Trainee: 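Below are the structure tokens for one structure; questions will follow.
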Amino acid sequence: MTAEATAGTVVRTQPQIQSELMKSRVAAAMWFLVPMLVALAIVAGWPLLRTIYFSLTNTSLNNLYGGDFVGFKNYLSWTTLKSGRTVFSGLLVDPAWWNAVGNTLRFAVISVTLETVIGMIVALVLNAEFKGRGIVRAAILIPWAIPTIVSAKMWSWMLNDQFGIINDLFLNLGIISQKVAWTATADTAMTAVLIVDIWKTTPFMALLILAGLQMVPKDVYEAAKIDGVHPVKVFFKVTLPLVRPAVMVAVIFRLLDAMRIFDLIYVLTPNSKATKTMSVISRENLFDFDKFAYGSAQSTLLFLMIAVMTGLYIWLGKVRFDGGDR
Amino acid sequence: MAHIELKNIKKSFGLVDVIKGVDLEIFSGEFMVFVGPSGCGKSTLLRLMAGLEDITSGEMTFDGTLVNALAPSKRGIAMVFQSYALYPHMTVYENMAFGMELAKSSKEAIKERVEKAAELLQITPYLARLPKQLSGGQRQRVAIGRAIVRDPKVFLFDEPLSNLDAALRVATRLEIAKLHHQMNSSTMVYVTHDQVEAMTLADRICVLRDGLVEQVGTPLELYENPQSLFVAGFIGSPKMNFLNGEIASKFGANTIGVRSEHIEIADREGAWKGKVVHSESLGSDSYVYVDIGVGGDPVIVRQEGTHLHQPDAAISIAPIPGKVYRFDKAGKPVRN
Ligand SMILES: Nc1ncnc2c1ncn2[C@@H]1O[C@H](COP(=O)(O)OP(=O)(O)OP(=O)(O)O)[C@@H](O)[C@H]1O
Ligand SMILES: [Mg+2]
């Protein structure tokens with residue numbers, strides 16, 4: 001009788017002990033996550049919710065708590081005139097907004113594409129073995145390490161129409177015949193922004209890709225050598241497929257970054273219609289034009305766009321953030 | 001089919017001399033095995049033959065043509081790497097077909113060759129899989145299959161079995177032996193540090209030591225006629241027993257070597273008396289470790305069948321006459 005009872009207890013407690021262990025593990029994991037979650041909720045979650053809320057009100061900057069709820073009026077509203085014509089207003093029909101969307105997309109696509117291609121080339125070079133490779137690797141990060149405000153100001157001086165070194169250089173080389181106001185001219189403003197951004201961000205891209213390149217086993221290249229694969233073919237048939245996961249992750253990071261570009265443009269080409277991006281225009285509305293609710297609506301839309309793009313990209317590219325896919 | 005000749009081949013990495021002047025002839029259709037202790041330069045020598053490393057000085061010819069500066073793909077070789085070196089993102093079929101596709105062979109020709117090789121190595125069911133979905137042994141067979149598809153004049157193997165477990169190693173070893181018989185027109189060069197592999201596979205063995213050839217010969221030549229203390233100690237398992245001092249001088253040598261299978265448990269004239277340190281039985285054989293009181297490692301004696309000896313029991317052992325190898329101070333055999 002006693003023996004039976006004992007045996008019964010043992011059998012029953014066994015799984016209990018295991019689940020207890022599991023429980024304590026889950027609890028420990030939660031405790032480690034809590035500081036992070038709290039910090040995120042405070043610095044990201046709460047402002048995001050506030051912004052979304054503001055976008056549904058008619059709040060103004062001088063009375064942040066006195067706004068009334070107006071529904072989606074900031075996004076789209078319409079009135080029917082006596083003549084029977086319907087007039088739309090709101091963010092979704094605002095040409096200035098769509099101009100900014102176009103600028104942002106153009107900037108994001110061109111800069112990320114060029115940064116990826118150039119970054120890949122730089123990474124391939126840095127992956128080769130040569131003397132002083134460590135120093136070059138460190139040196140190439142310098143543009144990335146300089147704060148954007150500083151490098152934007154630096155470039156804005158270099159591109160200055162009166163005293164800029166670029167104009168001086170190009171004039172002396174005979175590339176241009178008269179001084180160009182690079183950042184102020186509508187035709188060249190976007191190009192100037194792109195050049196500075198590419199100069200600044202390619203190193204980051206290169207380093208991310210380099211990390212991927214170093215994961216490719218060396219013996220595979222030797223097998224390719226014995227198979228007699230042309231180096232160009234090795235790149236497209238062997239290297240590229242193997243670093244694809246790393247490149248995908250790098251491209252996502254950069255794309256998200258580029259979509260909310262603000263500081264560079266704010267410093268380099270303020271008030272140029274040709275380069276105004278979504279972030280720039282929403283800041284303008286929020287603080288300069290006293291259209292706080294309208295600016296909030298723009299910020300919200302920008303957030304939604306980035307969220308959708310990220311979702312699509314991850315889904316289409318089947319990206320795995322652990323760098324796997326092999 | 002290729003006749004390979006190495007003339008005073010040297011290789012340095014920076015200031016480090018790794019291969020220090022190797023002269024070697026590998027006949028066409030021969031199975032040559034490189035053995036030697038770790039770091040002696042076996043892989044380096046093989047990679048020099050593959051063209052994956054540049055020769056520092058010396059001449060290497062394949063069928064009489066100098067190949068020193070020839071690209072790996074032009075040498076008519078195929079290499080099987082210790083790490084398999086399969087393309088991770090290609091299926092087994094694509095891995096095997098890649099080389100031929102680059103050579104712009106027709107689709108049918110590729111298919112035929114790949115399928116034939118797959119059948120030979122019994123990897124047909126896995127042709128559509130990625131390397132990561134295969135076991136180590138299967139991957140190794142794919143790597144060998146990729147080499148076969150290239151239809152090379154020379155196969156180069158760098159420790160192809162070292163990542164496999166014991167049973168699989170024996171099975172794959174047999175397969176490589178079979179392969180050699182079926183493709184007896186190809187020259188094979190095989191690096192290993194497993195001397196059972198060396199003894200069973202090789203037509204001839206080349207023992208390397210510290211970047212130099214120590215001895216080249218058939219497995220039996222090396223076993224029966226080692227030309228140095230090093231080779232004597234390297235070939236054969238368990239390791240040959242070496243004895244110095246008084247015992248050796250009785251034989252007129254600085255060092256004598258006796259293989260464990262050439263020592264009897266017998267109390268006759270000239271026998272060595274000692275006591276059992278340990279004994280182990282492997283079923284078909286038994287090994288007795290005997291301390292004969294001259295210092296150094298215990299003498300290992302091999303007995304057929306199962307025998308058990310109590311530790312510390314007194315024992316007397318004697319070498320079979322005529323089976324004692326004698327070496328002088330320089331480690332060379334004593335002749336008279
Ligand atoms: N790329 C290299 N640069 C510098 N030294 C090298 C290089 N490759 C090999 N070595 C050196 O050359 C020597 C021989 O190396 P190798 O790989 O040929 O040895 P091994 O006989 O194949 O040894 P193992 O049995 O361990 O594979 C080693 O001392 C090694 O450190
Ligand atoms: Mg090696």
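The chains referred to below are lettered A, B, ... by the order of the sequence lines, with proteins before strands, and numbering in each begins at 1. Just so it is clear, the structure is predicted and the values come from calculations on it, not from any experiment.
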Trainee: In the structure I gave you, are the side-chain heavy atoms of B:Met79 and A:Glu222 within less than 4.5 Å of one another anywhere?
Mentor: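 The answer is no, as the side chains (C-beta and beyond) never meet within the 4.5 Å cut-off.
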
Trainee: Taking side chain as everything from C-beta outward and backbone as N, CA, C, O, which of these in B:Met90 sits under 4.5 Å from a heavy atom of chain A? Side chain, backbone, both or neither.
Mentor: side chain

Trainee: Show the nearest heavy-atom pair for residues B:His89 and A:Pro241, with the distance to one decimal.
Mentor: CD2-CB, 3.4 Å

Trainee: How about CZ on A:Phe32, more than 12 heavy atoms from neighbouring residues, nucleotides or ligands closer than 6.0 Å, or not?
Mentor: no

Trainee: Are any of the side-chain heavy atoms of A:Ile226 and B:Arg75 separated by less than 4.5 Å?
Mentor: no

Trainee: Which of residues 113-124 of chain A get closer than 4.5 angstrom to chain B, counting heavy atoms alone?
Mentor: none

Trainee: Strictly less than 4.5 Å between heavy atoms, which residues of residues 227-238 of chain A line up against chain B? Please order them by number.
Mentor: A:Asp227, A:Gly228, A:Val229, A:Lys233, A:Lys237, A:Val238

Trainee: So what's closer than 4.5 Å to chain A heavy atoms on B:Leu102: side chain, backbone, both or neither?
Mentor: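 Contact with chain A is through the side chain of B:Leu102 alone.
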
Trainee: What are the two closest heavy atoms between A:Ala223 and B:Ala85, and how far apart are they?
Mentor: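 Residues A:Ala223 and B:Ala85, closest heavy atoms: CB-O, 3.6 Å.
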
Trainee: Within a radius of less than 6.0 Å around CD of B:Glu119, do more than 12 heavy atoms belonging to other residues, nucleotides or ligands occur?
Mentor: no

Trainee: Counting only heavy atoms from other residues, nucleotides and ligands, does the tally under 6.0 Å from CD of A:Gln214 exceed 12?
Mentor: yes

Trainee: So does B:Asp54 have more than 12 non-hydrogen atoms from other groups sitting under 6.0 Å from CG?
Mentor: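 At most 12 heavy atoms, drawn from other residues, nucleotides or ligands, come within 6.0 Å of this atom.
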
Trainee: Could you grab the distance from atom OH of B:Tyr84 to atom CG of A:Asp219, nearest 0.5 Å is fine?
Mentor: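 B:Tyr84 atom OH to A:Asp219 atom CG measures 11.0 Å (nearest 0.5 Å).
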
